[in-house]
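Proteins get letters first, then strands, A, B, ... in listed order; numbering begins at 1 in each. These numbers come from the heavy atoms of this one structure, side chains and all, not from hydrogens, waters or symmetry mates.
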2 protein chains.
Amino acid sequence: MSDAKVLVVDDEPNIRDLLSASLKFAGYEVQTAINGKQAIEAAASWQPDIILLDVMLPDMNGFSITKKLRSMEVTTPVLFLTARDETQDKITGLTVGGDDYVTKPFSLDEILARIQAILRRSTTSDLQASVIKVGELEINEDAHEVSVNSQMVDLSPTEYQLLRYLAVNANRVLTKAQILDHVWEYDFNGEMGIVESYVSYLRKKLDPVSTTPLITTKRGVGYMIKAPS
Amino acid sequence: MSDAKVLVVDDEPNIRDLLSASLKFAGYEVQTAINGKQAIEAAASWQPDIILLDVMLPDMNGFSITKKLRSMEVTTPVLFLTARDETQDKITGLTVGGDDYVTKPFSLDEILARIQAILRRSTTSDLQASVIKVGELEINEDAHEVSVNSQMVDLSPTEYQLLRYLAVNANRVLTKAQILDHVWEYDFNGEMGIVESYVSYLRKKLDPVSTTPLITTKRGVGYMIKAPS
DNA sequence: TTACCAGCTGTGATATTCCTGAGAGTTGGC
DNA sequence: GCCAACTCTCAGGAATATCACAGCTGGTAA
């Protein structure tokens with residue numbers, strides 16, 4: 001699912017760079033565009049597998065761009081980026097077809113998850129639910145449901161995101177800074193203590209139903225979920 | 001029922017794109033035409049399994065087009081798209097045989113359901129009613145009837161559409177934006193709170209006759225109907 | 001052993017999301 | 001032309017989530 005081609009379209013340089021760097025690190029090939037004109041050109045010539053498209057660009061809005069693309073027989077799926085307080089009429093119609101949208105400010109993990117979901121649906125035509133399994137832990141991404149030892153556990157959105165990030169990176173220690181950068185929205189400016197809090201919440205919910213503690217602390221380094229060998 | 005061929009005929013580009021994208025995502029093969037001449041050519045040469053035909057086109061109206069097609073021995077079923085204020089006799093004259101019609105503005109879910117219904121009738125000659133079953137819930141698509149625990153429940157059109165969309169996507173969380181884009185007409189530009197209202201209406205009608213709550217809320221994500229495992 | 005410091009967790013203030021009843025506006029049947 | 005059903009908005013309140021803070025715990029190194 002990696003080495004897919006992603007076209008990032010946003011006029012804000014910091015967002016562009018953030019996405020570009022993260023996606024490259026995640027193994028994607030990335031190109032960027034700063035306005036609608038560039039985006040359409042790049043989409044036509046480079047033929048990306050997915051387009052990350054800011055809804056409000058200086059020259060065109062997301063709708064005009066996708067309309068233009070579709071009229072050129074470019075059927076690349078689009079993941080829209082919209083401001084949280086965008087008026088409804090700008091948002092309606094965005095989730096038709098294989099398209100999806102996320103609101104700014106987003107978290108990196110959310111973007112990566114959405115991209116994966118879209119690519120999975122567009123490349124393979126599998127109708128099977130996508131499930132992450134690590135030992136006794138199971139995360140059903142379609143239903144947003146988590147179970148340990150076949151016991152359902154109810155998690156808040158942030159708890160879910162955190163657990164998912166840890167599970168995807170099982171057997172790898174993640175620093176609190178990494179976790180903060182991936183799970184929390186990019187404009188979050190609180191302390192890293194929040195990560196400790198949420199790890200605590202997760203343990204309180206998960207450990208009572210698991211036979212062995214799930215999340216291990218690497219003192220001075222970070223956290224990790226260890227898969228049984 | 002998928003990978004059937006659908007010919008979309010409409011002169012408005014945004015409607016054409018909306019339908020094209022959604023149908024492709026639903027697994028259909030799609031071609032488009034922007035006027036009667038193109039439509040007749042495509043219908044004859046490409047031989048689609050169904051034609052979505054706007055009644056009012058710049059060069060010909062739907063009546064002339066179907067007459068022309070039928071005279072060419074093309075018996076492909078047609079789903080007409082008409083304006084809501086179209087005169088009734090014009091419409092009734094059109095929908096002979098296996099044909100059907102929907103009024104603009106339509107909802108995506110409605111179009112998809114109608115297409116499925118027509119294809120089912122024309123390809124397989126089964127006279128069995130198509131029924132969606134999820135746990136205690138049963139939706140008879142032919143009769144538009146809903147029952148829970150064998151108890152009939154009376155729903156308004158919008159309630160029915162919403163429930164159907166949730167049932168078809170059982171075990172998958174649907175965001176309020178997705179629901180709005182699929183169940184409500186494409187030109188609806190109200191708030192997402194309407195989804196909450198209708199979920200509330202549904203629960204008030206369904207829960208009294210069901211042994212377990214049908215629609216679950218995934219806080220911060222959306223709604224889901226969970227099938228018992 | 002002791003002192004230190006990273007990590008853990010309970011408390012509470014604030015923010016967000018969701019639910020639902022009430023009512024206004026529309027449509028369609030009779 | 002009236003009534004009933006339906007659609008949609010709105011706002012108060014309930015439930016839940018987020019985050020900061022501070023005191024506590026326990027590992028670690030001298």
| message | Output the rounded distance in Å from OH (A:Y223) to P (C:dG7). | response | 6 Å

| query | Quick one: side-chain hydrogen bond (donor to acceptor under 3.5 Å, both in side chains) partners of B:T32, sequence neighbours excluded? | reply | none

| said: For A:D187, give me all partners under side chain to side chain contact (heavy atoms under 4.5 Å, CB included), at least two apart in sequence or on another chain. | reply: A:P105, A:E185

| task | Kindly write out the residues that satisfy side chain to side chain contact (heavy atoms under 4.5 Å, CB included) with B:A227, not counting sequence neighbours, or none if the list is empty. | result | B:V134, B:N171

| query | Tell me: CE of A:M224 to P of C:dG7, nearest whole Å? | reply | 14 Å

| query | Strictly by modelled atom types, are B:D17 and B:S20 linked by a side-chain donor-acceptor pair under 3.5 Å? | reply | no

| said: Could you work out, with salt bridge (Lys or Arg N to Asp or Glu O under 4.0 Å) as the rule, every residue matching A:K67, not counting sequence neighbours? | reply: none

| task | Give every residue pair that meets the ring pair (Phe, Tyr, Trp, His ring centres under 6.0 Å) criterion with at least one member in residues 190-210 of chain A, sequence neighbours excluded. | result | A:W184-A:Y198, A:Y198-A:Y201

| said: From NZ of B:K218 over to P of D:dA17, roughly how many Å is that when rounded to an integer? | reply: 11 Å

| Can a salt bridge be assigned to the pair A:R121 and A:D100 using a cut-off of 4.0 Å between side-chain N and carboxylate O? | no

| request: May I have the distance from A:L162 (atom CG) to D:dA17 (atom P), rounded to whole angstrom? | output: 15 Å

| query | For A:R84 and A:G220, take the nucleotide of DNA chain C holding the closest heavy atom to each; which residue's nucleotide lies nearer the 5' end? | reply | A:G220

Can you tabulate the close N/O pairs, meaning under 3.5 Å, that link protein atoms to atoms of nucleotides 3-7 of chain D?
| from | atom 1 | to | atom 2 | distance (Å) |
| --- | --- | --- | --- | --- |
| D:dT7 | OP1 | B:T158 | N | 3.2 |
| D:dT7 | OP1 | B:T158 | OG1 | 2.5 |
| D:dT7 | OP2 | B:S156 | OG | 2.6 |
| D:dT7 | OP2 | B:Y198 | OH | 3.1 |
| D:dT7 | O5' | B:Y198 | OH | 3.0 |

| field | Value in whole Å for how far the P atom of D:dT18 lies from CG of A:L180 | value | 14 Å

| field | Five-pair end axes of the helix from C:dT1-D:dA30 to C:dC30-D:dG1 and the angle they enclose, rounded to 10° | value | 30°

| message | How many whole angstroms separate atom CZ of A:R203 from atom P of C:dG10? | response | 13 Å

| field | A:T217 vs C:dC8: side-chain N/O to OP1/OP2 distance below 4.0 Å | value | yes

| request: Starting from P on C:dA6, measure out to CD on A:E191 and report it in whole angstrom. | output: 13 Å

| Is the shortest side-chain N/O distance from B:S200 to OP1 or OP2 of C:dT20 below 4.0 Å? | yes

| query | Below 4.0 angstrom from OP1 or OP2 of C:dC18, is there any side-chain N or O of B:K176? | reply | yes

Distances under 3.5 Å only, N/O to N/O: pair up the protein atoms with those of nucleotides 24-30 of chain D.
| from | atom 1 | to | atom 2 | distance (Å) |
| --- | --- | --- | --- | --- |
| D:dG26 | N2 | A:R219 | NH2 | 3.1 |

| field | Nucleotide of C:dT9, D:dC10, C:dG10 approaching A:K204 most closely (side-chain heavy atoms) | value | C:dG10

| A:H144 and A:Y160 aromatic ring geometry - parallel, tilted or perpendicular at 30°/60° bounds | parallel

| Atom-pair distance (CG on B:L202; C1' on C:dT20), nearest Å | 14 Å

| Listed partners of A:T66 passing side chain to side chain contact (heavy atoms under 4.5 Å, CB included), at least two apart | A:L53, A:F63, A:V78, A:F80

| Counterpart residues, side chain to side chain contact (heavy atoms under 4.5 Å, CB included), relative to B:T211 (two or more places apart) | B:E136, B:N149

| Base, sugar-phosphate alone, or nothing: which one does B:Y160 contact when heavy atoms must sit under 4.0 Å apart? | nothing

| task | Would you list the pairs meeting salt bridge (Lys or Arg N to Asp or Glu O under 4.0 Å) in which at least one residue belongs to residues 155-169 of chain A, sequence neighbours left out? | result | A:D109-A:R164, A:E141-A:R164, A:E159-A:K205

| message | Quick test of your reading: applying salt bridge (Lys or Arg N to Asp or Glu O under 4.0 Å), list the pairs with at least one residue in residues 206-229 of chain A, sequence neighbours left out, ordered by first then second residue. | response | none

